[in-house]
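A short worksheet on the structure shown next.
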Amino acid sequence: MKVGLVGLPGSGKSTVFEALTGLAADPAAQAKSRAQVGSVKVPDHRVDALAALYEPKKTTYAEVVFSDLAGARASAERRSLDSSTIQAMRDLDALCQVLRCFDDATAPAPADPLAELADFALELTIADLALVERRLERLKKEKGDAQEVSALEQMREHLESELPLRCLELRSCDWARFAGFQFLTRKPRLLVLNVDESAAAAPPPPEIAEAAAQAGLGLVCMSAKVEAEIAQLSLDDQLEFLESLGLAEPAKSRFIVEAYRLLDLISFLTAGPDECRAWTIKRGTPALKAAGKIHSDIERGFIRAEVVRWDDLTTLGSEAKCREAGKLKVEGKEYVVADGDVVHFRFNV
Ligand SMILES: Nc1nc2c(ncn2[C@@H]2O[C@H](COP(=O)(O)OP(=O)(O)O)[C@@H](O)[C@H]2O)c(=O)[nH]1
Ligand SMILES: [Mg+2]
């Protein structure tokens, strides 16, 4: 899963990146306006419990890859995004928009997260509209498919009313047909409200929570500066620092929970003396496809999936005990894998 940090310059993207990945901003990447990439292990108490049971050689958490899109520069008169940033955003699974909600003496204006949100939404809309118009022109010249033309005209009208494509139902074709366009206003978007240190533990301001809910966007509140400092500490010191701020966990954990919810992702697990591991899949994935996530050979030679719930396994202590207790299910290709399933795939090699 690739998540990109986007937003206006000075909103705190690089600081959020540091808070999430523990990696400091790389000035060389920034100077070349290149995206900096870092991954975050997804904290998972189920993996920890399985590792305590099996004492495996290796413990592997799921990972989310973040990129800090350093190229997002504003022009002086209009806070517009450059074309390389827009292109980089199209390749992402989700956009995480950082909004400045702290006062910064060096910033050109006081914090106005609602205006930032509206400006940025408009930028995404304009970028998608340009794409739709270019395609329409091409199709008209080439006398292209009438259904596609009609769908694109519907999109144009919708975007011209400043509405995101996320909330458009097409009349003449399926959205799948337009997957290659990577429309920005259809991407899941998570808002990160970057607040002042003094508000690190406060709930988000109600007007922003309301705007996020109305736009159908996820919202996480954090003070990136504080969280970036926390990320540099040892685990013990982290807990102490968090407690002194009135926080129960680092923003990273809340952030990842929100990102999973937004993208409708879940984790299934594999466990044994060699490795205990979490795997990320989309909710609703059948066992056969989940097997392919581990290895294409397992998908190809799939025989069956033996499934136990992680808490049954850690309570009862072994797969054999789960089988005796009737807690082990034998499932076929079509079985829809659930969050927290521990799966043992049987397959032909
Ligand atoms: N007071 C305060 N300053 C912050 C916070 N987050 C970022 N900054 C500062 O704001 C400036 C811009 O942050 P940066 O992460 O470089 O923004 P970017 O342009 O979006 O990557 C830097 O001087 C940061 O130190 C925060 O939560 N509180
Ligand atoms: Mg930056």
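Note that ligands are numbered from 1 as they come in the structure, with each ligand's atoms numbered from 1 the same way. Just so you know, residue 1 is the first one in the sequence shown, and it goes up from there.
Remark: distances from the non-hydrogen atoms of Gly7 to ligand 1 are all 4.0 Å or more. Proximity of Val226 to ligand 1 is not established, as no heavy-atom distance is less than 4.0 Å.
Below 3.5 Å of separation, one finds no N or O of Asp68 facing any N or O of ligand 1. For Phe102, no nitrogen or oxygen atom sits less than 3.5 Å from a nitrogen or oxygen atom of ligand 1, counting backbone and side chain alike. Among the atoms of Val195, some N or O lies under 3.5 angstrom from an N or O of ligand 1. For ligand 1, the polar-atom distance check finds an N/O of Asn194 within less than 3.5 Å of one of the ligand's N/O atoms.
A centroid separation of less than 6.0 Å is found between the aromatic rings of Phe181 and Phe183.
Between Asn194 and Gly12, the shortest heavy-atom contact is ND2-CA, 3.7 Å. Considering all non-hydrogen atoms of both residues, Gly22 and Ala231 come closest at CA-CB, 4.1 Å.
Each of the following atoms of ligand 1 lies closer than 4.0 Å to a heavy atom of Ala224: 27 (O). Of all atoms in ligand 1, listed by their number and element, those nearer than 4.0 Å to a heavy atom of Ser223 are 27 (O). Close approach of ligand 1 to Leu8 (heavy-atom distance below 4.0 Å) involves ligand atoms 20 (O). Under a 4.0 Å criterion applied to the non-hydrogen atoms of Asp104, ligand 1 contributes the atoms 10 (O), 11 (C). Shown in contact with Pro9 at under 4.0 Å from a heavy atom are these atoms of ligand 1, numbered in order with element: 19 (O).
For CD of Glu160, the number of neighbouring non-hydrogen atoms (other residues, nucleotides, ligands) closer than 6.0 Å is greater than 12.
Taking a cutoff of 4.0 Å between a charged side-chain nitrogen and a carboxylate oxygen, Arg309 and Asp341 qualify as a salt bridge. Between Arg177 and Asp174, none of the side-chain N atoms (NZ, or NE/NH1/NH2) sits under 4.0 Å from a carboxylate O, so this pair counts as no salt bridge. Looking at Lys252 and Glu227, no side-chain N of the basic residue comes within less than 4.0 Å of a carboxylate O on the acidic one, giving no salt bridge. Between Lys2 and Asp93, no side-chain nitrogen of the basic residue sits less than 4.0 Å from a carboxylate oxygen of the acidic one, so the salt-bridge criterion is not met.
Of the candidates Leu69, Thr15, Val6, Asp103, it is Thr15 that places a heavy atom closest to atom 15 (O) of ligand 1. Of the candidates Lys225, Lys13, Glu18, Met222, the one placing a heavy atom closest to atom 26 (C) of ligand 1 is Lys225.
Not a single N/O/S atom of Thr15, whether from backbone or side chain, sits less than 2.8 Å from the Mg ion (ligand 2).
The side-chain hydrogen bond (donor to acceptor under 3.5 Å, both in side chains) test with Asp128 is passed by exactly one of Arg186, Gln182, Arg90, His158: Arg90.
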